[in-house]
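This report refers to the structure that appears directly beneath it.
All values derive from a computational prediction rather than experimental measurement.
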Amino acid sequence: CKDIRHSSDDDLLLPYTKSHGPSHSHRYVR
Amino acid sequence: DCQPVAHGTVTHETQAASKHSNSPVLESNIFISDITDDSGTHRWVSGHITEVHDPLRSVSVLEPGGPGGCAHNHRELVEVTAKTRKCLVAQNGGYFDTHTGQCLGNIISDGKLVRNSGGIQNAQFGIRKDGTLVFGYLSEDDILDQENPFVQLISGVVWLLRKGEIYINESIQAECDKTQETGNFRHFVDVISARTAVGHDKEGKLILFHVDGQTDVRGMNLWQVAKFLKDQNVMNAINLDGGGSATYVLNGSLASYPSDHCNPSKWRCPRAISTVLCIHERLCQPEDCSGHGRCVEGQCVCQHGWSTPGCANLTCQAECGEHGICTENGCVCDAGWMGLYCSQVCTAGLYGDGCNQTCTCANGGSCDPVHGRCTCPAGFHGDSCEQECPIGFYGLNCKQLCQCQDMCPCDAATGSCNTTYQGERNISLHRAGHCLATQMWREWRQEEEAQAPRPYLSEQSWLVVCSILATSLLASLTGNLIQTCRKCKARRQRADYSYLPLGEINGATERGEMKSGKVLFQ
């Protein structure tokens with residue numbers, strides 16, 4: 001495990017994020 | 001209801017997957033392309049386009065680290081997950097919660113429903129059991145369909161291409177329920193970054209797309225990705241996770257340029273992500289070739305005696321018929337049967353397993369091919385038909401009793417009586433002579449009787465008549481005797497007398513004197 005340099009997750013590309021506005025609800029169809 | 005009316009209620013597209021069995025599993029292509037954005041700025045982007053020729057048998061959605069990874073909110077490097085299935089090519093798949101590691105969307109991995117998001121309307125990619133590729137939006141019923149269930153399913157965000165046309169604006173409408181909240185989502189679509197996507201071409205080949213990048217600095221926005229794929233003749237495509245998650249692993253090694261930094265940040269590191277889209281060697285149907293063969297490039301190479309394609313059936317299964325059992329070494333015949341397919345009865349004189357026992361039936365007895373039991377002809381009996389019927393018996397199994405008079409012998413086979421000496425019957429001469437004399441007397445008597453007139457009543461009739469007459473006589477005598485006895489008894493009981501004056505008896509005087517006398521009263 002020491003050989004694996006873990007990513008710092010600093011390039012998050014998410015479609016729905018709370019930090020950029022109101023929380024977004026997904027549409028559900030049944 | 002956000003779907004364009006032109007598409008009606010059909011919210012997904014299907015395409016039969018290609019089945020190029022003779023082609024290599026995949027074709028991995030590197031591209032370095034000059035991309036011009038809306039402002040006219042040129043940028044160079046690099047990435048991979050991977051074509052998969054037989055998606056049904058060579059594509060799998062993998063959970064992070066292997067089966068059960070989603071249940072444990074596991075995150076794993078694509079390289080590590082790829083090794084669990086010996087993926088030839090692997091790239092990151094669905095979205096996940098970067099804080100908890102929770103897998104997001106719908107996930108079906110090799111036929112196992114890992115996660116059901118209950119009809120969430122994000123772009124989906126799936127492969128049904130019959131090899132149908134599905135792109136678009138799915139209801140929960142679609143996901144849980146059992147008639148033609150999904151064997152692989154993964155969720156993305158934004159349906160990039162639909163029927164060869166860019167479908168991003170419609171996706172924004174469909175995947176977001178309030179237009180005023182699409183600001184962030186629009187940014188997500190418009191920003192350049194590392195991207196991954198999956199689609200298919202007109203032939204049904206699966207197309208995996210990956211482009212390196214870094215959000216706002218390098219890479220492509222989704223419009224550019226959609227146009228790029230359209231130019232590659234891709235028909236339908238959806239966007240998968242991107243940014244620092246975008247990873248491409250070829251033959252077990254990282255083949256992309258990650259956008260995340262390592263710690264310390266001097267180097268770039270691949271991100272531990274959630275689900276993986278894996279391209280592996282073609283799987284056989286069934287995967288383990290029923291335990292009777294090896295899977296070589298999607299084709300079962302069956303062991304001797306087992307038939308293709310799945311090595312589930314023995315080659316002689318249908319040929320051994322009712323009298324044999326199919327084994328890996330061919331038909332094993334039941335006792336009494338022989339031949340390649342156990343269709344022939346043992347040859348005469350042989351019986352048993354493999355017809356290797358010799359019958360012992362004598363005197364023309366037939367042999368049962370299964371157990372070797374003898375069926376004797378009429379006149380013989382015994383285990384091997386070696387014994388002639390005993391005197392007085394004849395027929396099959398000597399069960400019939402001779403009906404001959406006066407101990408005359410009968411024919412052991414037919415039962416017909418022999419009135420003359422039969423040497424081969426082993427009867428003494430004296431006995432045969434007696435039989436002959438009696439027979440002759442009986443025949444003479446019968447002839448005499450036949451010639452004599454027949455009496456009106458038989459001897460028995462006369463005997464009955466005489467008996468009746470004698471009985472009647474005896475009864476009459478007995479009755480008279482009883483009557484006589486009763487009279488005697490009555491006389492003794494009436495011993496009183498009365499005296500009557502008689503005028504004259506035997507000439508006596510009139511004045512006469514009373515004299516004693518007797519009168520019998522009856």
Side-chain angles (χ1 to χ4, degrees), chain A, chain B residues 1-2 11 77 79-80 95 97-98 117-122 137-142 156-158 174-178 180-185 187-189 191 193-195 213-217 219 239 241-246 258-265 267-273:
Chain A
C1 291
K2 289 179 182 177
D3 294 335
I4 298 173
R5 298 170 295 176
H6 289 287
S7 165
S8 57
D9 286 1
D10 55 0
D11 189 10
L12 295 176
L13 182 65
L14 299 174
Y16 312 109
T17 53
K18 292 178 182 178
S19 59
H20 291 91
S23 63
H24 192 91
S25 60
H26 292 232
R27 179 191 304 278
Y28 288 83
V29 171
R30 289 181 184 276
Chain B
D1 53 354
C2 289
T11 54
L77 295 174
E79 295 161 83
V80 175
Y95 287 85
D97 188 317
T98 54
S117 292
I120 190 170
Q121 289 300 283
N122 285 120
Y137 303 117
L138 299 170
S139 68
E140 189 174 18
D141 288 342
D142 292 328
V157 174
V158 180
E175 297 188 39
C176 306
D177 58 354
K178 292 180 181 177
Q180 64 269 28
E181 290 183 1
T182 59
N184 298 324
F185 192 69
H187 174 75
F188 165 80
V189 171
V191 71
S193 183
R195 304 283 186 173
Q214 184 159 13
T215 302
D216 279 327
V217 178
N239 171 64
D241 195 8
S245 299
S259 51
D260 279 359
H261 290 83
C262 302
N263 190 12
S265 62
W267 311 109
R268 302 285 178 153
C269 275
R271 180 183 295 175
I273 52 94

Is [X] close to chain A through its backbone or its side chain, or both, or neither, when contacts mean heavy atoms under 4.5 Å?
| X | value |
| --- | --- |
| D241(B) | side chain |
| A194(B) | backbone |
| V191(B) | side chain |

Only pairs of heavy atoms separated by less than 4.5 Å count here; which of D260(B), V189(B), T98(B) has the most with chain A?
D260(B)
Sub-3.5 Å donor-acceptor pair from the side chain of [X] to the main-chain atoms of [Y], do we have one?
| X | Y | value |
| --- | --- | --- |
| S245(B) | I273(B) | no |
| Q214(B) | S193(B) | no |
| E175(B) | V158(B) | yes |

Taking atom types as modelled, find out whether T215(B) and D11(A) have a side-chain donor-acceptor pair closer than 3.5 angstrom.
yes
